[in-house]
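Notes follow the structure.
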There are 2 protein chains.
Amino acid sequence: MSKKTTIYDIAEKLNITAATVSRALNGNPKISEATRQLVNDTAKEMNYEQNKLALALKSGKSFNVGVIVPRIDSNFFASVIRGVEDELYPQGYHVIICQTHDQKSVEIENINSLLNAQVDGILMSISNSGPEETRNFDQLLKKNVPLIFFDRKEKIPGVSSVTIDDFKGGYQATQHLINQGCKRIAHLSNNRKIEIFEKRYLGYKQAIIDNGLEFDESLVIETMSKVDEGRKSTKILLDMPEPPDAIFSSSDFVALGAIQEIKSRGINIPEEFCVVGFANEPFTRFMELSITSVDQSPVEMGRIAAQVFLEEVGNSKKIKSERQVVLTPELMIRKSSLKSSVLAK
Amino acid sequence: MSKKTTIYDIAEKLNITAATVSRALNGNPKISEATRQLVNDTAKEMNYEQNKLALALKSGKSFNVGVIVPRIDSNFFASVIRGVEDELYPQGYHVIICQTHDQKSVEIENINSLLNAQVDGILMSISNSGPEETRNFDQLLKKNVPLIFFDRKEKIPGVSSVTIDDFKGGYQATQHLINQGCKRIAHLSNNRKIEIFEKRYLGYKQAIIDNGLEFDESLVIETMSKVDEGRKSTKILLDMPEPPDAIFSSSDFVALGAIQEIKSRGINIPEEFCVVGFANEPFTRFMELSITSVDQSPVEMGRIAAQVFLEEVGNSKKIKSERQVVLTPELMIRKSSLKSSVLAK
DNA sequence: CTGTTAGCGCTTTCAC
DNA sequence: GTGAAAGCGCTAACAG
C-alpha cells in the first residue's frame with residue numbers, strides 16, 4: 001500500500017530541500033558531512049529507492065538496451081544474450097528482449113517499440129524471412145542510437161557488427177574432413193541468400209579446391225535446419241550413382257538427420273563416412289556418436305557486442321565509430337568424423 | 001544528429017498547444033477531425049515517436065516487467081521467457097531479463113535494480129544456493145508490485161505462482177517404470193531441500209508404495225545435475241549387492257550419465273534396465289537411444305505466469321489476488337524405458 | 001473543441 | 001553548504 005518514497009519525502013521530514021537531498025545522495029562534495037549522514041540514514045529508514053525513470057527522462061539515458069533476436073529459446077541466441085547480460089548488468093544496464101520469430105515486419109515493430117522505450121542502444125541479429133522490405137535503420141541511425149549487429153548482419157555504413165568468420169568455419173571443417181581421408185565431400189547448406197550460409201559454402205568450396213579435389217556442385221544441397229530435412233537431403237546424396245563419403249552441414253540438426261539416415265543404411269560412421277555439423281549445439285556433445293561441429297562461441301559474441309556498445313556510448317556522441325569484429329570459430333572434433341585409422345598414423 | 005521530435009515541436013509548427021497534439025495523437029474524441037489529421041500527418045512527417053519514459057513517469061506505469069532466472073542459457077528458462085514474451089509483447093509490455101547465476105545475493109540486487117527501473121511486475125524463479133538470507137520480498141510487496149513465482153517458488157501470502165505438479169511427475173514416471181515390469185527402481189534426486197526435488201521424490205516413493213513394491217531408501221541418491229555426477233551415482237547403484245533394474249532421475253543430464261554407465265557395463269537398455277529423466281531437454285529426443293522424460297511445458301508456464309501478471313495489474317490495485325496455478329506434467333515415453341516385450345503384450 | 005496550468009521525480013544551474 | 005527555480009516529455013484536470 002505504501003507509496004514509494006521520493007526525495008521530497010525525505011526533504012520534508014528533514015526540513016531541507018529536495019535539491020540538497022539529491023546532492024547528498026549523489027555524493028556531491030559541497031554537502032556537509034552531517035547532512036549527508038542524516039540524509040543517507042533517513043533514506044534508508046524510509047526505504048527510499050531512486051526512480052530511474054525520472055532520472056532517465058531528465059538525463060535522456062534510460063540505461064536499458066534492447067536485444068532483438070529471431071527467438072530466444074534457441075541455445076545460440078540464449079547464449080548470446082547471456083553474454084550481453086553478463087557484460088552489461090555490472091555497468092548498470094538492463095537488457096530488454098524482443099523476438100522477431102524471424103519475420104522482418106516484426107523486426108521493424110520491435111525497433112520502434114524499443115526506440116519508444118528510449119533504449120540507449122540496440123543489439124540485433126537480423127531475420128531472414130519475410131518480404132524484402134526496407135528496414136527503417138536510417139531512422140534509427142538518425143536518432144543516434146547505437147546499433148550493433150551480431151551473427152547475422154547487413155552492411156550498413158556506421159553500424160558495428162560482431163560475427164564469426166563463417167568462411168573460415170566452413171574451410172576448417174572441410175579441411176578436417178579432407179585430413180581424415182575423405183575424397184568426395186558433400187555440403188548441406190541452407191538458404192544461401194543469407195550471408196552466413198553463403199560464406200560457409202564458400203569456405204567449403206575453397207578448401208576442396210585448395211586441396212586439389214574435384215568440386216562437384218551437385219553435392220551441395222540447400223536444406224532447412226531441421227532433422228527431417230537433413231535425412232531427406234542425405235537420402236538424395238546416398239542414392240547418387242557416385243555418393244559422397246562425407247558431409248559438412250551448416251546446421252547441427254541437419255547433421256543429425258544425416259547421421260540417422262547414414263546409419264539406417266548400415267554405413268559405418270566415421271570409418272566409412274564422416275559428418276561435421278555447425279553451431280556446436282549442446283546435443284552434439286551428448287550423443288553416443290558425438291558430432292563434430294564448429295563452435296561459434298555465442299557467449300563471447302554477446303560479451304563483445306556489449307563491449308562495442310559500451311565503447312560507442314562512451315564516445316562523445318559526435319564520433320561515429322564503426323567496428324567490425326570477426327571472431328574465429330573453433331572446430332570441436334568428435335566421434336562423427338574421427339577415424340581411428342587416421343589417429344593410428 | 002537530429003534530436004528526437006517532441007509534441008512541442010509539432011505544436012509549435014502547427015501553432016497549437018502541446019496538449020492538443022497529445023490529445024490528437026491519443027485519439028481523444030473531443031478533437032476536430034481536421035486537427036487530428038493535421039497533427040497525425042505532421043507527426044509522421046517529423047518522425048515523431050512517443051517518449052514512453054515521460055509517459056511512464058507521469059502514469060507510474062513503465063510497461064516493463066522484469067523476469068529473474070538463475071540463467072538464461074538453459075533450455076528450460078529460455079523457453080519460459082519465450083512464453084512470457086510471446087504473451088506480454090502484444091499487450092505493449094517489454095521484458096527485462098536478469099540472471100542470478102543461482103546466488104541469492106544477486107537475486108536481491110536484481111529485485112532492487114528492477115524496482116528502481118520501475119517495472120510493473122516481477123516474474124521469478126528463485127535460486128537455490130547461497131546463504132539462507134532473508135529475501136526482501138516484503139519490501140517489494142509493500143510497494144504493491146505484482147510478484148509471480150514460476151517453477152521454483154516460496155510460499156508467501158499474497159504471491160501467485162505457476163508451477164508444475166512435481167509430485168505427479170515423479171509418480172507418473174515411476175508408475176510407468178512399474179508398468180514396464182521394473183521391480184527395483186532407484187531414484188537419482190537432487191538437493192531435496194529444494195521443494196521441487198522433494199516433491200518428485202515423494203511422488204516416486206508413493207508410486208512404489210501404491211504398487212506394493214518394497215521401498216528402499218538406499219536406492220535414493222542426491223546427485224547434482226551433471227552428466228558425470230549421474231555416472232558416479234549410477235556406479236554406486238550398480239555395484240550394490242542387489243542392484244536396481246531401473247532409474248528415475250530428476251534430471252535429464254543425470255539420466256544421460258546413468259545411461260552411459262549402464263551401457264558401458266554391457267547392460268541392455270531398455271530390456272534389462274530402464275531409465276527415465278526429467279525436464280524433457282531437447283537432447284533427450286535426439287539421442288539414438290532416446291530418453292523418456294517428464295515434460296514441464298516451459299513455454300506454457302511462461303505464458304500463464306504472464307497471464308496471471310496481466311490479471312493482477314488489471315485488478316483494481318486494492319485487491320490482492322493470489323493464484324496458485326499448477327500445471328500437469330506430461331511423460332514423454334521414449335526408447336530408454338520402452339520394452340518391446342511389454343509392447344508385444 | 002482547444003488553451004492553460006500543474007505535476008510525475010529527479011538534477012542542475014544560479015543565487016545567497 | 002544549501003535554497004529556489006527550471007525543465008526533461010507527457011497527460012489531465014479545469015477553463016473557456
Side-chain angles (χ1 to χ4, degrees), chain A residues 2-40 42-43 46-64 92 115-120 143-144 317, chain B residues 2-40 42-43 46-64 92 115-120 143-144 317:
Chain A
S2 72
K3 276 253 128 310
K4 290 163 194 169
T5 1
T6 74
I7 51 172
Y8 285 98
D9 299 329
I10 350 204
E12 191 177 16
K13 182 158 188 178
L14 261 37
N15 272 323
I16 54 179
T17 182
T20 311
V21 176
S22 170
R23 283 188 274 247
L25 255 20
N26 291 308
N28 184 315
K30 333 182 110 179
I31 288 289
S32 78
E33 196 46 47
T35 350
R36 185 195 321 294
Q37 278 295 353
L38 199 58
V39 169
N40 281 323
T42 11
M46 301 177 73
N47 277 323
Y48 169 75
E49 273 167 15
Q50 191 188 45
N51 183 336
K52 289 240 166 103
L53 241 40
L55 214 188
L57 180 59
K58 185 97 183 83
S59 68
K61 287 201 64 177
S62 67
F63 274 95
N64 283 151
L115 248 26
N116 286 171
Q118 307 299 116
V119 291
D120 295 342
K143 300 215 173 157
N144 244 328
K317 307 282 151 128
Chain B
S2 71
K3 275 253 125 313
K4 290 163 195 171
T5 9
T6 75
I7 52 173
Y8 284 97
D9 299 328
I10 52 186
E12 191 177 16
K13 182 158 187 179
L14 262 36
N15 273 321
I16 54 178
T17 181
T20 310
V21 176
S22 170
R23 283 188 274 247
L25 255 19
N26 290 308
N28 184 314
K30 335 183 106 180
I31 287 288
S32 76
E33 195 47 46
T35 347
R36 185 193 321 293
Q37 277 295 354
L38 200 57
V39 169
N40 279 323
T42 11
M46 301 177 74
N47 278 321
Y48 169 75
E49 273 168 14
Q50 191 189 45
N51 183 335
K52 290 241 166 105
L53 240 41
L55 214 188
L57 180 59
K58 184 99 181 77
S59 68
K61 288 200 62 176
S62 67
F63 275 94
N64 283 150
L115 249 26
N116 286 171
Q118 308 297 119
V119 292
D120 295 342
K143 299 213 173 160
N144 243 327
K317 308 281 151 127

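In what follows, every chain begins at residue 1, and chains take the letters A, B, ... in the order their sequences are listed.
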(request) Ignoring the backbone of A:I16, work out which of D:dG3, C:dT12, D:dG9 is nearest its side chain. (result) D:dG3
(message) What contact category does A:S32 fall into here, base, sugar-phosphate, or nothing, at under 4.0 angstrom with non-hydrogen atoms?
(response) sugar-phosphate
(request) Determine the contact category for B:T17: base if any of its heavy atoms lies under 4.0 Å from a base atom, sugar-phosphate if only primed atoms, P, OP1 or OP2 are that close, otherwise nothing. (result) base
(message) Once you apply a heavy-atom cut-off of 4.0 Å, does B:L53 come out as touching a base, just sugar-phosphate, or nothing?
(response) nothing
(message) Exactly one of A:T42, A:V39, A:D9, A:L25 should register a side-chain contact (heavy atoms from CB on, under 4.5 Å) with A:Y48. Which one does?
(response) A:L25
(request) For the pair A:D120 (side chain) and A:F63 (backbone), establish whether a donor and an acceptor sit closer than 3.5 Å, ignoring hydrogens and angles. (result) yes
(message) Starting the side chain at C-beta, find the nucleotide from C:dC10, D:dC10, D:dT11 nearest to B:A54.
(response) D:dC10
(request) Indicate yes or no: at least one non-hydrogen side-chain atom of B:Q118 is less than 4.5 angstrom from one of A:N51. (result) yes
(message) Hydrogens and angles aside, do B:T17 and B:T20 bring a side-chain donor and acceptor to less than 3.5 Å of each other?
(response) no
(message) Base, sugar-phosphate or nothing for A:S59? Non-hydrogen atoms, less than 4.0 Å.
(response) nothing
(request) Could you tell me whether the side chain of A:R36 has a donor or acceptor atom within less than 3.5 Å of a complementary atom in the base of D:dG1? (result) no
(request) Would you indicate which nucleotide in D:dG7, D:dT11, D:dA12 comes nearest to any side-chain atom of A:K58? (result) D:dG7
